[in-house]
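Notes follow the structure.
Model, not experiment: these values are computed from the prediction.
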Amino acid sequence: MTSILQTPIALVSLILASSSPFRKELLSKLGLSFVTHSPDVDESRNLGETPEQLVFRLAQDKAKEVAKFHQGLIIASDQVATLQDGKGANDQVLGKPHTHENAIKQLSECSGKTVTFVTSLCLLNTNNNNIQTIVETFKVVFRSLSLEQINNYLKKEQPYNCAGSFKSEGLGIGLFSELDGKDPNTLIGLPLIQLIQLLDNEGVDVLNAEA
């Protein structure tokens with residue numbers, strides 16, 4: 001794709017459409033200045049919608065909502081976990097557990113199985129209304145876990161606001177026997193390798209950009 005923006009990143013507003021501290025920390029790795037804005041969108045799943053279609057739509061909805069308040073390059077993302085491949089309308093979505101009891105149930109269901117994390121990424125350029133959206137999957141194979149192990153993990157890390165009931169960047173790595181994906185940042189919530197390419201498509205080279 002032909003680069004559109006030739007403006008140095010220092011003169012371009014970069015907005016992360018998220019209140020997630022994990023996504024904020026990931027984006028900070030690129031050394032770029034940005035602000036955050038939490039979008040207010042309905043994240044309900046539509047009838048007949050696959051997990052891949054759901055996260056694709058929500059990333060665009062979040063970016064467009066934030067575009068009502070900011071001008072520049074808007075980064076938005078969404079993620080769900082499923083015990084299927086994410087391509088079926090009947091695939092079960094594992095959301096945020098919010099409670100200890102729900103987290104026990106989720107991790108017990110995941111024990112010994114492969115969980116697919118489906119993560120979308122959208123970059124909206126409000127200067128020309130160009131919108132790029134991708135969906136990336138990352139598979140995690142869980143160890144066979146005892147109830148005691150699950151309880152101990154949840155008490156130590158309390159990942160009740162995380163899809164799938166774990167934090168892969170922390171002790172949650174101890175739940176897995178295998179990881180299968182292109183970018184480990186995707187599992188945490190923001191595909192940085194893909195984001196670097198999308199930014200480059202808009203004329204922003206993160207290796208040559210001003211902080």
Item checked: Least distance between heavy atoms, C110 atom then L94 atom -> SG-CD1, 3.7 Å
Note to self: For A63, give me all partners under side-chain contact (heavy atoms from CB on, under 4.5 Å), at least two apart in sequence or on another chain.
What the structure shows: I74, A76, C122, L124
Next item on the list: Identify, with sequence neighbours excluded, every residue that meets side chain to side chain donor-acceptor pair (under 3.5 Å) alongside T119.
Entry: Q79
Item checked: For the student: nearest non-hydrogen atoms of P97 and S165, plus distance -> CG-OG, 3.2 Å
Note to self: Is there a path of hydrophobic side-chain contacts, each under 4.5 Å between heavy atoms, that joins F56 and F117?
What the structure shows: no
Next item on the list: Could you walk me through whether T82 and Q84 pass the side-chain hydrogen bond (donor to acceptor under 3.5 Å, both in side chains) test, one step at a time?
Entry: CA-CA 5 Å; T82 176; Q84 291 79 37; 3.1 Å; yes
Next item on the list: Decide yes or no for V206 and L199: does some side-chain heavy atom of the first lie under 4.5 Å from some side-chain heavy atom of the second?
Entry: yes
Margin query: Can you tell me if K105 has over 12 outside heavy atoms packed within less than 6.0 Å of its NZ?
Written below: no
Check: Can you tell me how far the CG atom of L107 sits from the CG atom of L175, to the nearest 0.5 Å?
Finding: 6.0 Å
Notebook entry, point to check: Linking I/L/V/M/F/W/Y whenever their side-chain heavy atoms sit closer than 4.5 Å, directly or via other members, would L154 and V140 fall into one cluster?
Noted result: yes
Notebook entry, point to check: Passes side-chain contact (heavy atoms from CB on, under 4.5 Å), V41 versus K64? Steps please.
Noted result: CA-CA 10 Å; V41 300; K64 292 173 182 177; over 6 Å; no
Checklist line | Residues N127, Q71; criterion side-chain hydrogen bond (donor to acceptor under 3.5 Å, both in side chains); working and verdict | finding: CA-CA 7 Å; N127 295 321; Q71 294 294 308; over 6 Å; no
Notebook entry, point to check: Just by distance, do the side chain of S120 and the backbone of D78 share a donor-acceptor pair under 3.5 Å?
Noted result: yes
Checklist line | Side-chain heavy atoms of E109 within contact of Q92, under 4.5 Å | finding: yes
Check: Would a hydrophobic clustering, with Ile, Leu, Val, Met, Phe, Trp and Tyr connected at side-chain separations under 4.5 Å, put L26 with V35?
Finding: no
Notebook entry, point to check: With a 3.5 Å cut-off and no angle check, do the side chains of N128 and N130 form a donor-acceptor pair?
Noted result: no
Checklist line | All side chain to side chain donor-acceptor pair (under 3.5 Å) counterparts of K182, not counting sequence neighbours | finding: none
Check: Which atom pair, heavy atoms only, marks the closest approach of P51 to R45?
Finding: CD-NH2, 3.5 Å
Next item on the list: Report the distance from atom NZ of K113 to atom OG of S144, rounding to the nearest 0.5 Å.
Entry: 10.5 Å
Check: What heavy-atom pair brings L198 and L123 nearest, and what distance separates the two atoms?
Finding: O-CD2, 3.4 Å
Next item on the list: To the nearest 0.5 angstrom, please state how far the NZ atom of K167 sits from the CG atom of N161.
Entry: 8.5 Å
Next item on the list: Indicate yes or no for a side-chain donor-acceptor contact from E25 to the backbone of F22 under 3.5 Å, with no hydrogens or angles considered.
Entry: no
Next item on the list: Output yes when a side-chain donor or acceptor of R143 lies under 3.5 Å from a complementary backbone atom of G112, and no otherwise.
Entry: no
Item checked: Ring center gap for Y153 and F142 short of 6.0 angstrom -> no
Next item on the list: Check whether any side-chain heavy atom of N46 sits under 4.5 Å from a side-chain heavy atom of R57, and report yes or no.
Entry: yes
Notebook entry, point to check: So Q197 and L195, side-chain contact (heavy atoms from CB on, under 4.5 Å) or not? Walk me through it.
Noted result: CA-CA 5 Å; Q197 181 59 58; L195 175 59; over 6 Å; no
Check: Which class fits the ring pair F69 and H37: parallel under 30°, tilted 30 to 60°, perpendicular over 60°?
Finding: parallel
Item checked: CD1-CG distance between I75 and L14, expressed to the nearest 0.5 angstrom -> 4.0 Å
Margin query: Check for me, please, whether L145 and Y160 land in the same ILVMFWY cluster - side-chain distances under 4.5 Å, paths through other members count.
Written below: yes
Next item on the list: Please name all residues satisfying side chain to side chain donor-acceptor pair (under 3.5 Å) with N102, sequence neighbours left out, ordered by chain then number.
Entry: T99
Check: Going hydrophobic residue to hydrophobic residue with side-chain gaps under 4.5 angstrom, can you get from I104 over to L83?
Finding: yes
Next item on the list: Check whether any side-chain heavy atom of S146 sits under 4.5 Å from a side-chain heavy atom of I150, and report yes or no.
Entry: no
Check: What closest approach, in Å, do D183 and I193 show between heavy atoms, and which atom pair accounts for it?
Finding: OD2-N, 2.9 Å
Note to self: Donor-acceptor check, side chain of T126 to backbone of G72, threshold 3.5 angstrom: yes or no?
What the structure shows: yes
Check: Run the side-chain contact (heavy atoms from CB on, under 4.5 Å) check on F166 and E157 step by step: do they pass?
Finding: CA-CA 8 Å; F166 69 85; E157 200 144 62; 5.8 Å; no
Next item on the list: Establish, from distance only, whether the side-chain atoms of K139 and T114 form a donor-acceptor pair under 3.5 Å.
Entry: no
Next item on the list: Run the numbers on L32 and L27 for side-chain contact (heavy atoms from CB on, under 4.5 Å), then give the verdict.
Entry: CA-CA 8 Å; L32 304 176; L27 185 56; 5.5 Å; no
Notebook entry, point to check: How far does CG of N185 sit from CG of L192, to the nearest 0.5 angstrom?
Noted result: 4.0 Å
Check: What pairs of residues pass the salt bridge (Lys or Arg N to Asp or Glu O under 4.0 Å) test when at least one of them lies in residues 86-102, not counting sequence neighbours?
Finding: E52-K87
Checklist line | Atom pair OG (S77) and NZ (K62), whose distance is rounded to the nearest 0.5 Å | finding: 7.0 Å
Checklist line | Pairing residues for S38 by the side-chain contact (heavy atoms from CB on, under 4.5 Å) criterion, not counting sequence neighbours | finding: S19
